There are 4 protein chains.
Amino acid sequence: MGIPERKNRERNLRKQQIQNAAKELFINKGFHSTTMEEIAQRAELSPGTLYLYFQNKEELYASINLITLQGLFNEIEKIYSNKNLSVEKKIIKLKDGMYKVFKNDPLILRNILHVQLEDTLPALSKELLDELNKISQKSMAMIANVYEEGVRQGKFREGDGMAHADIIWSTFTGLVIWEESKRKINPKKDFLKSTLDRAFDIICQGIKK
Amino acid sequence: MGIPERKNRERNLRKQQIQNAAKELFINKGFHSTTMEEIAQRAELSPGTLYLYFQNKEELYASINLITLQGLFNEIEKIYSNKNLSVEKKIIKLKDGMYKVFKNDPLILRNILHVQLEDTLPALSKELLDELNKISQKSMAMIANVYEEGVRQGKFREGDGMAHADIIWSTFTGLVIWEESKRKINPKKDFLKSTLDRAFDIICQGIKK
Amino acid sequence: MGIPERKNRERNLRKQQIQNAAKELFINKGFHSTTMEEIAQRAELSPGTLYLYFQNKEELYASINLITLQGLFNEIEKIYSNKNLSVEKKIIKLKDGMYKVFKNDPLILRNILHVQLEDTLPALSKELLDELNKISQKSMAMIANVYEEGVRQGKFREGDGMAHADIIWSTFTGLVIWEESKRKINPKKDFLKSTLDRAFDIICQGIKK
Amino acid sequence: MGIPERKNRERNLRKQQIQNAAKELFINKGFHSTTMEEIAQRAELSPGTLYLYFQNKEELYASINLITLQGLFNEIEKIYSNKNLSVEKKIIKLKDGMYKVFKNDPLILRNILHVQLEDTLPALSKELLDELNKISQKSMAMIANVYEEGVRQGKFREGDGMAHADIIWSTFTGLVIWEESKRKINPKKDFLKSTLDRAFDIICQGIKK
DNA sequence: CATGAATGAGGATTCATTCAT
DNA sequence: CATGAATGAATCCTCATTCAT
C-alpha cells in the first residue's frame with residue numbers, strides 16, 4: 001500500500017474521466033464528428049493530456065468498446081448460468097440483459113456490426129477485433145445452449161440451437177438499429193423497449209411446442 | 001416534349017452517373033472516408049460538377065439512400081396490393097420479396113444499414129429528409145396494414161400495426177447482416193434462406209391468435 | 001501549342017514558384033524551422049495548394065535539392081566529356097566549373113550542404129531519393145574517372161579514384177562555405193577565387209607522380 | 001572548501017550527467033528530433049529536472065558545444081606549441097587532433113558550419129556565438145603560423161599563411177561533412193580516416209617547396 | 001454547363017515548458 | 001531539490017467547397 005497504488009488508482013480515474021467524456025460524444029456525434037478537442041473540453045483537460053492516457057483517438061474509441069463488450073458478455077453469462085430460471089424466462093432475461101447493456105453504451109452494437117461488415121471506419125486494433133469476435137462467439141454459444149435445453153425439456157419445437165441463437169440475436173440487433181435510426185428522425189419517441197418486448201413475446205410464442 | 005424534356009432527361013442521367021459512382025464508394029469506404037474527389041474521378045467528372053447536381057456531400061449521400069429505399073419498397077408495395085394473397089401469405093411473401101431484392105443486389109441492405117450505422121449527418125436538406133421519411137413511412141405503413149388486416153380478420157393477436165411492422169422489418173435486416181457476416185468467416189455455408197424461413201415461421205406462429 | 005502544353009507549362013511554373021519560396025526559407029531557417037504556412041505565404045498561395053504540387057513537406061524539400069544537383073551535374077559532365085582537355089586541365093576546369101555554378105547561384109552549395117547537415121535525412125520518397133543518389137553518384141564517378149585516367153596516363157600517383165573524387169569535391173565545398181562565412185564578417189574582401197586556385201594548385205602538385 | 005563547494009561539485013556532476021545523455025541523442029537524432037523527455041529518460045531524471053540546470057533546450061545544446069569547442073582549441077594549441085615537432089609533422093598532427101575532437105563530438109563541426117550558414121535552427125546565444133568565433137579565429141591563427149614557419153624554414157612554397165590555414169581547415173571540414181553524409185546512406189562504410197590521411201598527404205606534397 | 005485549381009478552416013498529434021506536490 | 005502530470009501553442013496535412021475561365 002502506498003504511493004504506487006494511489007498513483008495507479010488516480011491514473012485509472014483519469015482514464016475513466018476521459019472515457020466518460022468521449023463516450024457521450026461518440027454516441028451523440030459519431031466517431032468522425034467528435035474531435036479530440038471536444039473530448040478534452042468535456043473532460044476538463046487539455047488536448048495533450050488525452051495522449052498521456054491513450055495513444056490516439058482510435059485507441060480511446062476502442063477502449064470504450066472493450067469495456068462494454070465485457071459487460072455484454074458478463075450479462076449473458078449471468079443469465080445463462082442462473083440455475084433458477086426456466087428456459088423461457090432465460091430468453092426473456094437475455095433480451096433484458098442485452099437491452100440493459102445497450103442502453104448503457106449504444107455504441108457497442110454499432111461497432112459489432114461495423115466489424116461484421118468489415119467496415120474500415122475506425123481501424124480497430126487486431127487485439128480488440130479478436131476480443132470482439134471471441135466474446136460474441138462465446139455469447140452465441142450460450143444462447144444456443146438455452147434453446148437446446150428448451151428442446152430437451154420438450155418445451156421448444158425441434159430445431160438447431162445455433163440457428164435459433166442467430167434468430168434471437170438478429171431480432172435484437174435488427175430492432176435496436178432500426179429503432180435507433182428512427183429516433184434520429186424523431187428523437188422524442190423511444191419505442192425500443194416496448195417493441196423489443198413484443199418481439200420477444202412473439203418469438204417465445206413462436207418457438208413453443 | 002422537346003428541348004426542356006431532353007435537358008431534364010440528360011440532367012437526370014448525370015445525376016445517376018454521379019450517384020452510381022458515389023454509391024459504390026460509400027458502401028466500401030463509408031461516408032467520411034469517401035472524398036468528393038474520389039467520387040468525381042469514378043464518375044469521370046470534375047469535383048466542381050458534382051455541386052451542380054447536389055448541394056453538398058451529405059445531400060448526395062442522402063439521395064442515394066432515397067433510391068435504394070424506393071427500390072426496396074416498390075417490392076413491398078407489389079406484395080401489399082396483391083388482392084389474391086391472405087395476410088399470412090403476405091407476410092411470408094414480404095420476406096421472400098425482400099430476400100429476392102437482396103439476393104439480386106446484396107449491396108442494397110448494406111447501404112441502408114450504413115445509413116443507420118453511419119455517424120450523424122446534420123445538414124440534410126429539409127426536402128430530402130422529408131422525402132426519405134415519407135417513403136420509409138409509407139412502406140412501413142403497408143407492412144403495418146398487413147398486420148392490422150390480420151388482426152381485423154381475427155387471425156393475428158391484438159397489437160399495434162406499426163410496432164409489428166418494425167418487428168418484421170428488423171428481424172429481416174438483422175438476420176441478413178448477421179448471416180452475411182458469418183458467411184465471411186465461412187463463405188461456403190449460406191444459411192440465410194433457411195434461417196430466414198425459420199424466423200418467419202416463428203413470427204407467424206408467434207403472432208397467430 | 002495546345003491546351004495540354006500550356007497547362008503543363010503553368011503547372012511547372014507554379015511548382016517553381018513554390019520551390020523558390022521554399023528554397024529561400026529552407027536555406028535561411030533550415031528544414032524543421034520552416035513551416036508550410038510560411039512557404040505558402042511567401043509563394044502567395046494557401047497552404048493547401050502546396051499539397052497539389054508536392055506530396056508533403058519533405059518531398060518539396062527534396063525536389064529543391066534535385067534541381068540544384070542537376071545543374072551541378074550538367075556542368076561537371078560538360079567538362080568531363082571534353083576530349084580536348086588533359087587530365088590536369090580537367091581538374092582545374094572542374095574547379096572553375098563548380099565555381100561558375102556557385103557564382104551564378106550562390107544558394108546552390110548552401111542548399112546541398114543543408115541536405116548534408118540537416119538533422120535527419122527527411123523520409124524522402126524512394127523515387128526522389130534514388131534520383132538524388134543517382135545524380136550525385138554519377139557526378140562523383142566522373143570526377144573519379146578523371147583521376148583514374150591521370151593514373152593510367154602515369155601522370156598521377158596511384159590511388160583510389162573515388163577517394164580522390166571525394167577529396168576534390170570536399171576541398172571545393174569546404175572552401176566555399178568557409179570563405180563565404182568569412183565574407184560575412186568582412187563583406188568587401190572576396191578571397192574565394194584566389195584561395196580556391198591556390199588550393200587546387202596544391203592538389204595538382206600533391207597528386208602529381 | 002566545505003558544503004558550498006560540494007554542492008557546487010554535485011551540481012556540476014548533474015549537469016554533466018544531463019549533457020552526456022543529451023550529447024549522444026543530439027548526435028544520433030539531431031537537435032529537433034531529440035525531445036527533452038528522451039534526454040531526461042536517458043539521464044534517469046525527470047523532464048522538469050532538466051530545467052533546474054539549463055534554462056531551455058537550446059541552452060543545453062549550446063553548453064555541449066562550448067565544451068567540445070574548448071577541446072578543439074586545446075588540441076590545436078597543444079600541437080602548435082610542441083617544440084619537438086617539425087612543421088610537416090605539425091600539419092599531420094593538426095589533422096589527427098581535429099579528427100580526434102570530431103570523433104569525440106561529431107556535433108561540433110555541424111554547429112560551426114551552421115553558424116557559418118547563418119542557420120537560425122538552434123538560436124545559439126550571442127555569448128556562445130562570440131565564443132565560437134573567438135576560439136575558431138585563434139585556432140586559425142595558430143594554423144597560419146605553422147605554415148608561415150614552414151615557409152620561413154624554406155620547407156613550404158611561398159604563400160599567405162592565412163590562406164593556407166583556410167585551405168587546411170576547409171579541406172578538413174569539407175571532408176568530414178561529405179563523409180558524414182555518405183555514411184548516412186551507407187552507415188557501415190566509414191572511410192573518413194583514410195580519406196583524410198590521403199588528402200593531407202596530398203596537401204603536404206603540394207605545399208612542399 | 002463543365003472544369004479543376006485554389007482555398008482555408010479544421011483536426012490529430014507533438015513536445016517544450018511549467019508548477020503543484 | 002526532484003518530480004511528472006498537465007498544458008496548449010504550434011504544425012502538418014485533408015478535403016468540402018468555390019469561382020474564374
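Naming: A, B, ... by sequence-line order, numbering from 1 per chain. What you see is a predicted model; the values in this text were computed from it and never measured.
Straight-line distance from the OH atom of A/Y51 to the C1' atom of E/dT13: 5 Å, rounded to whole Å. With rounding to whole Å, B/H32 atom NE2 is found 9 Å from F/dA16 atom P. As a whole-Å value, the separation of B/I39 CD1 from F/dC15 C1' is 12 Å. In this structure, C/E58 places its CD atom 11 Å from C1' of F/dC12, rounding to the nearest Å. Taking atom CD of residue C/E59 and atom P of nucleotide F/dC13, one finds them 11 Å apart after rounding to whole Å. To the nearest angstrom, P of E/dT14 lies 9 Å from CD of A/Q55. At whole-Å resolution of the value, CG in A/N56 and P in E/dA12 are 11 Å apart. In this structure, D/K29 places its NZ atom 13 Å from P of E/dT14, rounding to the nearest Å.
With a 4.5 Å cut-off on side-chain heavy atoms, C/Q19 and C/Y53 do not count as touching. For the pair C/L60 and C/S63, the minimum side-chain heavy-atom distance is below 4.5 Å. Counting only heavy atoms from C-beta outward, the side chains of D/K23 and D/N104 approach each other to under 4.5 Å.
In this structure, the side chain to side chain donor-acceptor pair (under 3.5 Å) partners of B/R14, at least two apart in sequence or on a different chain, are B/Q17. In this view, D/E59 satisfies the side chain to side chain donor-acceptor pair (under 3.5 Å) rule with no residue, not counting sequence neighbours. With sequence neighbours left out, the salt bridge (Lys or Arg N to Asp or Glu O under 4.0 Å) criterion links D/E44 to no other residue. Under the side chain to side chain donor-acceptor pair (under 3.5 Å) criterion, C/T34 pairs with no residue at all, not counting sequence neighbours.
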Reading DNA chain F 5' to 3', how would its secondary structure be written in dot-bracket notation, given Watson-Crick and G-U pairs with both distances under 3.5 Å, brackets [ ] for crossing pairs and | for partners on other strands?
-> .||||||||||||||||||||
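Geometrically, C/K57 does not engage C/F26 in a cation-pi contact defined by less than 6.0 Å to the ring centre and at most 45° from the axis.
Each of B/K57 and C/T35 was assigned the nucleotide of DNA chain F with the nearest heavy atom; the assignment lying further toward the 5' end belongs to C/T35.
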Using a 4.0 Å heavy-atom cut-off, write out nucleotides 2-8 of chain F from 5' to 3' as B (base contacted by protein), S (sugar-phosphate only) or - (no contact).
-> BBBSBBB
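Smallest separation of non-hydrogen atoms from C/R42 and C/A21: CD-O, 3.5 Å.
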